[in-house]
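Remarks on the structure that follows.
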Amino acid sequence: MDVYALIYDLVRQIPEGYVTTYGAIAKALGDIRASKAVGEVLAMNPTPIIVPCHRVVMSDGSLGGYTHPEGVRKKAELLRREGVEIIGGKVNLKKCFFNDFKLKIRPFEVFRDYQKRISEKIRLEDYDFSAIVGVDLTYNGRYGIAAVVVFDEKGNPEYVRYYSKKTLVPYVPTYLAFREYPIIEEVSRDLRGYLFFLDGHGILHPRKCGYASHVGVELDTPSIGVAKSLLVGNIVIESNNLAKVLIDDEVRGYAIYDKGRASVYVSPGHKITVGSALRETMKVKKYKIPEPTRLAHYYTKLGKEMFKNRKLLPERLLETPL
DNA sequence: GCGACAG
DNA sequence: ATCTTGTCGC
Ligand SMILES: [Mg+2]
């Protein structure tokens with residue numbers, strides 16, 4: 001499901017002389033909270049004018065931004081040329097608001113349905129795992145670059161895999177998995193049975209289906225979510241360096257504190273208990289970020305350099321011993 | 001008007 | 001996540 005392509009298609013439906021809003025497009029996509037992402041996608045519009053992103057404005061009628069050397073003045077010029085009046089820096093939405101979008105599917109509705117089904121498959125009991133894996137991604141334009149660090153049974157980094165692929169989904173809070181999982185799927189497939197450490201939440205998610213859970217269920221392997229900031233949940237302090245994180249009175253994860261401030265939030269993804277997720281994380285935590293994820297994040301930068309230098313090509317696996 | 005939402 | 005140079009300190 002190519003959300004980028006869908007957004008560009010929706011914008012092409014806006015007739016000359018009309019405008020729509022970021023929120024209206026987001027609603028058409030199935031979640032008003034994707035409105036910010038709509039703006040980010042339009043900011044990278046590869047074919048301005050053909051895809052008339054200048055016809056998308058803020059919900060109060062103000063113009064918003066325009067990624068062009070002349071900035072938003074260019075947006076105003078284009079709109080005026082098309083017959084859209086701009087008074088006091090605003091368009092009159094009552095006069096020229098377009099909202100009659102034609103689309104076959106609302107991706108974020110589909111995503112929510114999918115998350116519901118995934119969440120029913122999550123097992124929160126301990127399962128055996130052979131060794132540990134850490135995963136992270138970076139981005140270069142529309143390309144995601146993944147680094148997968150595989151540890152040996154003794155806990156030493158053994159090798160790193162790199163992989164890059166074009167993204168189809170922009171980042172929208174609570175839908176992270178739909179952006180990142182397609183990129184790591186190919187390089188993670190054969191690692192079933194490893195304990196995955198992922199850069200995002202597990203069951204510490206409004207629909208109990210964060211990225212780490214999504215990955216764990218898809219690969220049918222134990223997984224832990226290690227996030228740098230909180231998505232949802234209530235903090236209940238336990239001690240100097242630990243707090244429980246609750247979602248309606250249920251312990252969904254833990255916050256680990258270093259010197260008075262939270263360093264990471266840990267929650268089980270799949271095939272592990274909340275307690276074991278915390279213990280396994282503490283075992284590999286030397287610095288602020290646990291080793292698996294920390295190293296993956298580091299290699300992600302090397303991967304990006306290789307990608308820029310054409311040493312790492314799209315949809316081509318690259319593996320390096322450590 | 002303020003708060004808030006992983007990466 | 002990305003943009004982006006230097007600086008302070010262990
Ligand atoms: Mg990341």
Side-chain angles (χ1 to χ4, degrees), chain A residues 3-4 22-23 26 29-44 58-60 65 67 108 111-112 115 118-119 134-148 164-184 196-216 223-235 245 247 252-256 258-259 262-269 277 281 286-290 292-294 296-301 303-305 307-308:
Chain A
V3 176
Y4 284 85
Y22 299 99
L29 295 172
D31 196 328
I32 180 65
R33 285 166 292 192
S35 54
K36 209 173 292 175
V38 169
E40 289 167 7
V41 169
L42 295 184
M44 4 182 352
M58 308 279 280
S59 60
D60 66 353
T67 305
F108 291 98
F111 292 163
R112 283 195 299 277
Q115 287 180 323
I118 290 260
S119 71
V135 183
D136 196 20
L137 293 90
T138 187
Y139 290 87
N140 188 200
R142 279 199 56 182
Y143 281 86
I145 295 126
V148 177
S164 70
K165 195 173 193 239
K166 197 170 187 181
T167 333
L168 303 183
V169 181
Y171 170 69
V172 178
T174 76
Y175 301 96
L176 176 63
F178 297 94
R179 175 170 172 81
E180 307 216 325
Y181 179 66
I183 298 165
I184 68 161
F196 276 65
F197 278 83
L198 298 146
D199 185 26
H201 295 287
I203 62 169
L204 207 39
H205 179 278
R207 291 178 290 282
K208 207 169 181 169
C209 186
Y211 171 55
S213 296
H214 191 116
V215 172
S223 64
I224 295 174
V226 180
K228 299 179 288 295
S229 65
L230 200 55
L231 174 62
V232 284
N234 306 308
I235 303 287
V245 186
I247 295 181
R252 295 281 193 95
Y254 290 95
I256 301 173
D258 272 344
K259 13 180 173 167
S263 56
V264 286
Y265 299 86
V266 180
S267 62
T281 300
K286 285 202 241 174
Y287 310 108
K288 181 175 189 284
I289 307 294
T293 283
R294 191 189 134 256
H297 187 256
Y298 169 76
Y299 288 111
T300 238
K301 294 171 189 167
K304 183 190 253 188
E305 282 315 302
F307 181 80
K308 288 182 182 171

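Computed from a predicted model, the values in this text were never measured in an experiment. To find a chain, count down the sequence lines: A is the first, B the second, and so on, and within it residues start at 1.
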How would nucleotides 3-10 of chain C be written as a contact map, 5' to 3', with B for base contact, S for sugar-phosphate-only contact and - for no contact, using protein heavy atoms under 4.0 Å? --------
Regarding [X], tell me which of base, sugar-phosphate or nothing describes its non-hydrogen contacts under 4.0 Å with the strands shown.
X	answer
A/Tyr175	base
A/Tyr139	sugar-phosphate
A/Lys36	nothing
A/His214	nothing
A/Thr138	sugar-phosphate

Exactly one of A/Asp136, A/Val215, A/Leu176 should register a side chain to side chain contact (heavy atoms under 4.5 Å, CB included) with A/Leu198. Which one does?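 So the option named by the test is A/Val215.
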Whole-Å distance between C/dT2 P and A/Glu305 CD?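 Taking atom P of C/dT2 as the reference, CD of A/Glu305 is at 12 Å.
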Between C/dA1 atom C1' and A/Leu137 atom CG, what is the distance in whole Å?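 One finds 10 Å between C1' of C/dA1 and CG of A/Leu137, rounded.
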Could you state the interatomic distance from OG1 (A/Thr281) to CZ (A/Phe197), rounded to the nearest 0.5 Å?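 Here the interatomic distance stands at 4.5 Å.
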Can you see which heavy atom on A/Phe178 is nearest to which on A/Val169, and at what distance?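 Heavy atoms of A/Phe178 and A/Val169 come nearest at O-CG2, 3.5 Å.
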For A/Ser119 and A/Arg207, which I'm curious about, is there any donor-acceptor pair between the side chains at under 3.5 Å?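 Per modelled atom types, A/Ser119 and A/Arg207 side chains form no pair under 3.5 Å.
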Would you indicate whether the side-chain heavy atoms of A/His205 and A/Leu231 approach each other to under 4.5 Å?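 With C-beta onward as the side chain, the pair touches.
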Are any of the side-chain heavy atoms of A/Asn140 and A/Lys308 separated by less than 4.5 Å?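 When only atoms from C-beta onward are counted, A/Lys308 and A/Asn140 do touch, with a gap below 4.5 Å.
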Under a criterion of less than 4.0 angstrom to any heavy atom of chain A, what are the 5'-terminal and 3'-terminal contacting nucleotides of DNA chain B? B/dC5 to B/dG7
Option from A/His214, A/Arg33, A/Glu180, A/Arg112 for which side-chain hydrogen bond (donor to acceptor under 3.5 Å, both in side chains) with A/Tyr175 holds: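 When A/His214, A/Arg33, A/Glu180, A/Arg112 are each tested with A/Tyr175, the side-chain hydrogen bond (donor to acceptor under 3.5 Å, both in side chains) holds only for A/Arg112.
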Is the NZ or CZ atom of A/Arg294 positioned over A/Tyr287's six-membered ring, under 6.0 angstrom from the centre and within 45° of the axis?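 That pair does not qualify as a cation-pi contact.
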